[in-house]
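Data first, discussion second: the structure below is written as structure tokens.
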Amino acid sequence: MKNKLYMGCFITLEGIEGVGKSTQLAFISDYLKQKNIPVTITREPGGTPISEAIRQLLLAPALTQEKISAETELLLFFAARAQHIDTVIRPALRRGDWVICDRFTEASYAYQGGGRGIDVAFIRDLQQWIQKDLTVDCVLLLDAPVELALGRTRCRHQPDRIEAETQAFFNRARATYLARAKQKANRYHIIDASLSVPEVTSQIQHVLERLIRLVY
């Protein structure tokens with residue numbers, strides 16, 4: 001990691017709905033700041049005004065009367081990602097920040113690849129075109145059984161368009177995440193998100209401690 005093209009470190013949080021990414025994102029931000037490490041916190045889709053506008057298109061339940069095709073959905077995610085990378089992620093990494101992003105390209109493989117059934121080769125081509133030399137240093141996959149995770153999120157608020165998907169959809173997405181974690185074990189860290197918040201936090205802190213030793 002010390003010979004990377006960028007000075008900073010790029011960490012993404014992945015997982016299906018209801019695994020507690022927002023809670024752990026706040027912990028990671030506070031933990032790194034306590035270590036005097038500059039941090040940029042962001043999310044996908046979103047992170048910039050243009051990307052946030054695309055997020056509204058993608059997630060708004062009101063759009064369900066016009067079905068968004070799987071291909072349109074994927075391309076909108078990558079359009080938001082292109083703007084996000086150029087406007088937020090690359091500049092932050094170049095100045096030495098640790099960028100912590102709530103979801104990134106792995107979500108496209110899980111949700112549009114596994115969930116929607118889009119050809120992985122097509123997603124890979126888009127990734128190479130949009131990301132170019134940009135790679136993620138560490139993927140924190142917060143994993144929990146689908147029934148448990150969805151039970152958490154659906155009791156909190158009205159689900160958005162993607163949260164309202166079927167359990168079968170999320171089973172496919174979760175299976176894709178876990179399969180990719182096995183393929184990319186050098187970057188993926190599976191976090192057992194079925195445990196209590198302090199126990200999940202402890203797992204993530206252990207990963208962060210190792211990352212800090214590698215970088216510094």
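Values below: every heavy atom of this structure, side chains too, minus hydrogens, waters and symmetry copies. The shown structure was predicted, so the numbers you read here are calculated from the model rather than taken from an experiment.
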What's the spacing between [X] [atom1] and [Y] [atom2] if we round to 0.5 Å?
| X | Y | atom1 | atom2 | answer |
| --- | --- | --- | --- | --- |
| K132 | I85 | NZ | CD1 | 8.0 Å |
| I190 | L142 | CD1 | CG | 11.0 Å |
| I28 | K21 | CD1 | NZ | 11.0 Å |
| Y188 | E106 | OH | CD | 3.5 Å |
| L140 | E14 | CG | CD | 9.5 Å |
| Q83 | I50 | CD | CD1 | 4.0 Å |

- Message: Assess the residue pair N171 and T166 against the criterion (side chain to side chain contact (heavy atoms under 4.5 Å, CB included)); give the C-alpha distance rounded to whole Å, side-chain angles, the decisive distance to 0.1 Å, and a yes or no.
- Response: CA-CA 9 Å; N171 279 327; T166 65; over 6 Å; no

Does either side chain, that of [X] or that of [Y], offer a donor lying less than 3.5 Å from an acceptor on the other one?
| X | Y | result |
| --- | --- | --- |
| R172 | Y177 | no |
| E52 | Q56 | no |
| S202 | Q205 | no |

Heavy-atom pair of closest approach, residues [X] and [Y]:
| X | Y | result |
| --- | --- | --- |
| W98 | V215 | CZ2-CG2, 3.8 Å |
| A144 | A193 | CB-C, 4.0 Å |
| D102 | S22 | OD2-OG, 4.3 Å |
| F78 | I123 | CZ-O, 4.1 Å |
| V99 | A92 | CG2-CB, 3.5 Å |
| F170 | I162 | CZ-O, 3.2 Å |

Tested for side chain to side chain contact (heavy atoms under 4.5 Å, CB included) against H189, the lone hit among R210, H206, Q203 is R210

Give me the one residue out of T40, D97, V136 that meets side chain to side chain contact (heavy atoms under 4.5 Å, CB included) with F10.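 Single side chain to side chain contact (heavy atoms under 4.5 Å, CB included) partner of F10 among T40, D97, V136: V136.
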
Any donor-acceptor N/O pair, [X] side chain to [Y] backbone, under 3.5 Å:
| X | Y | value |
| --- | --- | --- |
| S51 | G47 | no |
| Q128 | D125 | no |
| R81 | F104 | yes |

Are [X] and [Y] joined in one hydrophobic group, where the rule is that I, L, V, M, F, W and Y side chains link up if heavy atoms are under 4.5 Å apart?
| X | Y | answer |
| --- | --- | --- |
| L150 | L148 | no |
| L25 | V139 | yes |
| I212 | L93 | yes |
| I89 | I41 | yes |
| L58 | L74 | yes |

Name all residues meeting the salt bridge (charged side-chain N to carboxylate O under 4.0 Å, His left out) criterion together with [X]; count only those two or more places apart in sequence or in a different chain, and write none if there are none.
| X | answer |
| --- | --- |
| R124 | none |
| R55 | none |
| E71 | none |
| D160 | none |

E73 vs Q112, side-chain hydrogen bond (donor to acceptor under 3.5 Å, both in side chains): CA-CA, chis, key distance, verdict = CA-CA 8 Å; E73 182 179 271; Q112 285 74 52; 2.8 Å; yes

Point to revise | Identified salt bridge (charged side-chain N to carboxylate O under 4.0 Å, His left out) counterpart of E17 within the set R174, R103, R152 | key: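 Single pass found, and it is R103.
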
Quick one: does [X]'s side chain get under 4.5 Å of [Y]'s, heavy atoms only?
| X | Y | value |
| --- | --- | --- |
| L75 | L126 | yes |
| F77 | Y111 | no |
| E44 | C101 | yes |

- prompt: Run the side chain to side chain contact (heavy atoms under 4.5 Å, CB included) check on I100 and S29 step by step: do they pass?
  reply: CA-CA 8 Å; I100 317 299; S29 176; over 6 Å; no

Those residues at least two apart in sequence (or on a different chain) that pass side-chain contact (heavy atoms from CB on, under 4.5 Å) with R187 are T135

| query | For T201, which residues count as a side-chain contact (heavy atoms from CB on, under 4.5 Å) partner, sequence neighbours excluded? | reply |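 side-chain contact (heavy atoms from CB on, under 4.5 Å) check on T201 returns Q24, F27, V197.
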
Can you confirm if the NZ or CZ of R180 lies within 45° of the ring axis of Y109 and under 6.0 Å from the centre of its six-membered ring? yes

